[in-house]
Q: 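Mind looking over this structure? Questions follow.
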Amino acid sequence: MTSNQIFYTYTLLTLALTLLGCSQPDAIVKSEFQYQYTQSKVVDGKLSKNGHYTALLDVNNLTLWNNQNRSVVKTWSTPFNAYHTAISNNSQRLAIAGKFQIAIYDVDSDQATSQWDVHSFLDDATVTVIQLHDLGDIVLVGMSDGGILFFDLHKGIHSKFAMHTGPVSQLIYQSSMEIWSASTDGSIAFWQATDGKLVDEKQLPHRVMALAVSEKFMFAADNLYSQKIWTRGDDKVITELDIEHDWLFLKKALFVDNNTKLLTASTKQNIWLWDSHSGKMLSHWQLKIVTLGTHLLDWGINEQGHLQTINSDGILELWPRTHFAG
């Protein structure tokens with residue numbers, strides 16, 4: 001190795017160590033409870049709306065866990081390589097998605113109750129996100145070509161909408177027939193699932209990975225440009241998050257405490273709390289880490305008002321509500 005090569009390698013190592021060492025401040029909030037459900041490699045995971053259950057997908061199985069006594073409710077073998085999972089609001093129906101396939105499971109069944117292939121506008125388009133609404137009769141599937149597939153299992157309706165031009169990154173139900181979606185092409189759409197009619201739309205300069213919508217506000221993170229909070233209706237920008245570090249890339253967001261605060265999750269292991277009106281950071285904390293690359297899979301506010309998180313190590317954590325709720 002020449003002297004120039006040695007110098008170049010040393011410079012890169014120094015820069016990497018510097019970024020690793022100083023890129024993230026110490027976490028200041030600790031979780032009240034931690035429990036690791038599995039030692040297996042977790043592919044995806046979702047929490048139920050009430051926080052009572054966790055659906056964990058590994059390379060071979062889908063397992064529904066009871067968060068209250070940490071017991072297994074049901075385990076199903078997956079019929080194909082699956083990368084995404086979803087759980088209905090009543091926790092009685094689950095879904096998994098591979099690149100081109102969907103399977104539905106009911107809690108009282110021992111195998112998939114239905115399974116089908118999905119096709120978007122491009123032949124090679126793959127599933128990027130899946131959501132179930134209410135009882136799980138409505139299945140929403142985001143695709144890599146920007147298409148969104150709508151399935152009403154009860155009525156036997158299947159629709160296909162070209163809502164974006166890039167991979168769908170977020171799907172949020174306003175109601176069973178009104179959907180918010182976002183894409184890595186920078187677009188955000190609010191549309192009707194009956195006919196795909198746009199109700200509202202925004203275009204940000206770069207990819208949108210984090211999106212939060214409440215009855216009053218909307219937040220979107222364009223990770224290469226800005227992270228802004230708007231008021232619903234008049235689209236007035238209230239504030240922009242006071243992010244001083246260019247390493248903070250966001251992947252999830254959630255309004256809490258009557259919309260006065262905003263929770264965001266980074267692409268790593270950090271969760272941040274912001275004031276919705278000033279954009280100032282209030283506090284932050286870090287998920288329990290067991291393996292390199294641990295990240296948040298899902299989160300939600302349980303019936304007791306606590307934040308619950310499930311990460312890619314299969315660890316369920318409960319966080320003190322006083323830090324993010326009034």
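The first residue of the sequence shown is numbered 1, and numbering continues consecutively from there. The model shown is predicted, which means the values in this text are computed figures rather than measured ones.
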Q: Mind listing the closest non-hydrogen atom pair of Leu211 and Trp180 along with its distance?
A: CD2-CB, 4.3 Å

Q: Backbone N or O of Asn60 within a donor-acceptor pair of the Asp58 side chain at under 3.5 Å?
A: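 The answer is yes, because a donor-acceptor pair under 3.5 Å joins these two groups.
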
Q: Just wondering, are more than 12 heavy atoms of other shown residues or ligands nearer than 6.0 Å to NZ in Lys288?
A: no

Q: Determine the minimum heavy-atom distance between Ala212 and Leu262, stating which atoms define it.
A: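 For Ala212 versus Leu262, the nearest heavy atoms are CB-CD1, 4.3 Å.
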
Q: Do side-chain atoms of Ser183 reach the backbone of Gly186 as a donor and acceptor pair under 3.5 angstrom?
A: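 Answer holds: no.
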
Q: Quick check: do Asn67 and Gln308 have side-chain heavy atoms less than 4.5 Å from each other?
A: yes

Q: Are the charged groups of Asp235 and Lys202 less than 4.0 angstrom apart, N to O?
A: yes

Q: Going by the salt bridge (Lys or Arg N to Asp or Glu O under 4.0 Å) test, which pairs reach into residues 38-53, not counting sequence neighbours?
A: Asp44-Lys46

Q: Backbone N or O of Leu47 within a donor-acceptor pair of the Asp298 side chain at under 3.5 Å?
A: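 Yes, because the side chain of Asp298 sits within donor-acceptor range (under 3.5 Å) of the backbone of Leu47.
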
Q: Any idea which heavy atoms bring Ile188 and Ala220 closest together, and the distance?
A: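 Answer, listing the atom of Ile188 first, then Ala220: CD1-CB, 3.5 Å.
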
Q: Just by modelled atom types, is the Thr38 backbone N or O under 3.5 Å from a matching donor or acceptor in the Gln36 side chain?
A: yes

Q: Would you say Ile271 and Thr309 make side-chain contact, with heavy atoms under 4.5 Å?
A: yes

Q: Less than 4.5 Å apart, any side-chain heavy atom of Val118 and any of Phe151?
A: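 Yes, close enough: below the 4.5 Å cut-off.
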
Q: Can you see which heavy atom on Leu64 is nearest to which on Tyr53, and at what distance?
A: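 For Leu64 versus Tyr53, the nearest heavy atoms are CD1-CB, 3.8 Å.
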
Q: If you count the non-hydrogen atoms of other residues, nucleotides and ligands that lie under 6.0 Å from NZ in Lys251, is the total more than 12?
A: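 Above 12, so yes.
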
Q: Does the structure place the NZ or CZ of Lys30 under 6.0 Å from the centre of the six-membered ring of Trp319, at an angle of no more than 45° from the ring's axis?
A: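 No, a cation-pi geometry is absent between Lys30 and Trp319.
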
Q: Got Asp200 and Leu198 here, is their nearest side-chain heavy-atom distance under 4.5 Å?
A: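 Heavy-atom side-chain distance check fails, nothing below 4.5 Å.
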
Q: Are the side chain of Ser312 and the backbone N or O of His295 linked by a donor-acceptor pair below 3.5 Å?
A: yes

Q: Can you run down the salt bridge (Lys or Arg N to Asp or Glu O under 4.0 Å) pairs that involve residues 88-104, sequence neighbours left out, and say none if there aren't any?
A: Arg93-Asp106, Arg93-Asp137

Q: State, yes or no, whether a side-chain contact exists between Tyr37 and Ile315 at a heavy-atom distance under 4.5 Å.
A: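 No - every pair of side-chain heavy atoms lies 4.5 Å or more apart.
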
Q: Between Thr85 and Ala55, what is the shortest heavy-atom contact and its length?
A: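 Smallest heavy-atom distance, with atoms named: CG2-O, 4.3 Å.
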
Q: Is Lys74 positioned over the aromatic face of Tyr105, cation under 6.0 angstrom from the ring centre and no more than 45 degrees off axis?
A: no

Q: For the aromatic rings, using the six-membered ring if either is Trp, is the centroid distance between Trp230 and Phe217 under 6.0 Å?
A: no

Q: So does Ala82 get a backbone contact from the side chain of Thr78, meaning a donor-acceptor N/O pair under 3.5 Å?
A: no

Q: So do the side chains of Leu250 and Leu241 get within less than 4.5 Å of each other, counting heavy atoms only?
A: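 Leu250 vs Leu241: side chains touch.
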
Q: Assess whether a salt bridge exists between Asp242 and Lys280, defined as any Lys/Arg side-chain N lying under 4.0 Å from an Asp/Glu carboxylate O.
A: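 Lys280 and Asp242: salt-bridged.
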
Q: Compare every heavy atom of Ser276 with every heavy atom of Asn259, then report the nearest pair and how far apart it is.
A: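 Heavy-atom minimum between the residues: O-OG, 2.9 Å.
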
Q: Do Asp257 side-chain atoms and Thr260 backbone N/O form a donor-acceptor pair below 3.5 Å?
A: no

Q: Would the His133 and Phe150 ring centres measure less than 6.0 Å apart?
A: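 Aromatic pair excluded; centres sit 6.0 Å or further apart.
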
